[in-house]
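Structure, as structure tokens:
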Amino acid sequence: MFKKLILAIAATLIFSGAAFAQDNQSNKSTTAGSSQGLLGISLDLNTMKEWNIVYNASSNLSIIGILGFSYYTDDHDDNTNITIGIGASFLITQQLLPISIEGDLKYNSDNAIQLDALMALALPVLPHFNLVGKAGLEFTAGTDDPNPRELSPLTKISAVWFFI
């Protein structure tokens, strides 16, 4: 599972890099690309548990690599939960503020798969720094719980810094 996820991420980055270069050559004044950058890092400010690598594949599409850590204590021990995943964000409009839809697929070490569907609103604070508010639904399917499926609302506030 982990090897397939890494191969999928690598293939997406390789194939979308050519599309980004071609799109960047044909349209130098893209609003999303010029205010954001090519590669950035994002932190979920709500829980501080999830770090994302954001790659702008084109002016409207961003590919997201997800890595998360959480530490919790149950009845007997201390546990660390590791989350890995991939996502995509598609820019819908740039009229007043950038509005996009995002989908994330994550797997965590508690044997649960999560699927997030979010609507995002970005606030450009500085030329390469954005605050992004996200709201949507999260579907979790686990294998160890007596009730393995759960649908819940999800909100996030992320800080995104584009360094390239």
Side-chain angles (χ1 to χ4, degrees), residues 1-17 19-21 23-24 30-72 80-94 97-142 150 152-164:
M1 169 82 178
F2 183 67
K3 290 179 184 179
K4 290 179 184 178
L5 183 62
I6 295 298
L7 288 174
I9 291 170
T12 303
L13 291 176
I14 290 168
F15 292 123
S16 63
F20 179 78
D23 184 44
N24 198 15
T30 59
T31 55
S34 63
S35 67
Q36 291 181 350
L38 178 63
L39 188 65
I41 191 164
S42 170
L43 173 64
D44 179 12
L45 297 176
N46 291 5
T47 60
M48 304 292 251
K49 295 179 183 178
E50 193 173 284
W51 288 88
N52 299 333
I53 297 293
V54 181
Y55 173 71
N56 287 328
S58 72
S59 61
N60 294 334
L61 179 67
S62 298
I63 306 299
I64 303 163
I66 302 166
L67 181 62
F69 299 98
S70 62
Y71 178 78
Y72 63 94
T80 302
N81 186 11
I82 298 172
T83 302
I84 57 169
I86 189 167
S89 177
F90 183 75
L91 182 67
I92 296 174
T93 184
Q94 181 105 12
L97 290 173
I99 298 174
S100 60
I101 56 173
E102 181 178 324
D104 299 331
L105 179 63
K106 302 181 240 179
Y107 174 78
N108 65 36
S109 59
D110 282 343
N111 293 325
I113 295 175
Q114 296 174 328
L115 179 63
D116 300 343
L118 304 161
M119 179 76 76
L121 176 69
L123 176 65
V125 178
L126 296 170
H128 292 280
F129 182 77
N130 297 338
L131 290 177
V132 181
K134 301 176 185 180
L137 294 173
E138 177 179 67
F139 176 73
T140 304
E150 181 180 328
S152 58
L154 178 66
T155 59
K156 292 182 179 184
I157 297 174
S158 299
V160 184
W161 173 56
F162 289 93
F163 52 89
I164 295 178

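- Between atom CH2 of residue W161 and atom CG of residue L126 there is a gap of 12.0 Å, rounded to the nearest 0.5 Å.
- With sequence neighbours excluded, the residues forming a side-chain contact (heavy atoms from CB on, under 4.5 Å) with L43 are L45, M48, W51, listed by chain and number.
- E138 places none of its side-chain heavy atoms less than 4.5 Å from the side chain of K156.
- No side-chain heavy atom of L115 sits less than 4.5 Å from a side-chain heavy atom of I113.
- For the pair N108 (side chain) and D110 (backbone), a donor-acceptor distance under 3.5 Å is present.
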Exercise answer: donor-acceptor pairs, residues 84-93 side-chain atoms, under 3.5 Å, sequence neighbours excluded:
residue : atom : partner : partner atom : Å
S89     : OG   : S100    : OG           : 3.3
T93     : OG1  : Q95     : N            : 3.3

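- Summarising the geometry, atom CD1 belonging to I64 is positioned 3.5 Å from atom CD belonging to E102; distances are rounded to the nearest 0.5 Å.
- Contact annotation: the side chain of M119 approaches that of I99 to within less than 4.5 Å [non-hydrogen atoms, C-beta and beyond].
- We find the CZ-NZ distance between F69 and K49 to be 13.0 Å, quoted to the nearest 0.5 Å.
- In this structure, the side chain of N46 engages the main chain of T155 through a donor-acceptor pair within 3.5 Å.
- Counting heavy atoms from C-beta outward, K134 and D116 have side chains that stay 4.5 Å or more apart.
- For the residue pair T140 and A112, the shortest heavy atom distance occurs at CG2-CB, 4.1 Å.
- Under the 3.5 Å distance criterion, with hydrogens and angles disregarded, no donor-acceptor pair is assigned to the side chains of D44 and S158.
- Between L38 and Y55 the shortest side-chain heavy-atom distance falls below 4.5 Å.
- Within a 6.0 Å radius of CD1 in I157, no more than 12 heavy atoms belonging to other residues, nucleotides or ligands are found.
- The two residues V132 and A122 come nearest to each other via the heavy atoms CG2-CB, 4.1 Å.
- T80 approaches Y71 most closely through the heavy-atom pair OG1-CD1, 3.8 Å.
- Annotation: the span from I164 atom CD1 to N56 atom CG amounts to 11.5 Å, rounded to 0.5 Å.
- By the side chain to side chain donor-acceptor pair (under 3.5 Å) test, S109 is found to be paired with N81, residues two or more places apart in sequence or in another chain being considered.
- Note that OH of Y107 and CD1 of I82 are 11.0 Å apart. Values are rounded to the nearest 0.5 Å.
- The structure places CG of N52 at 12.5 Å from CD1 of I63, a figure rounded to the nearest 0.5 Å.
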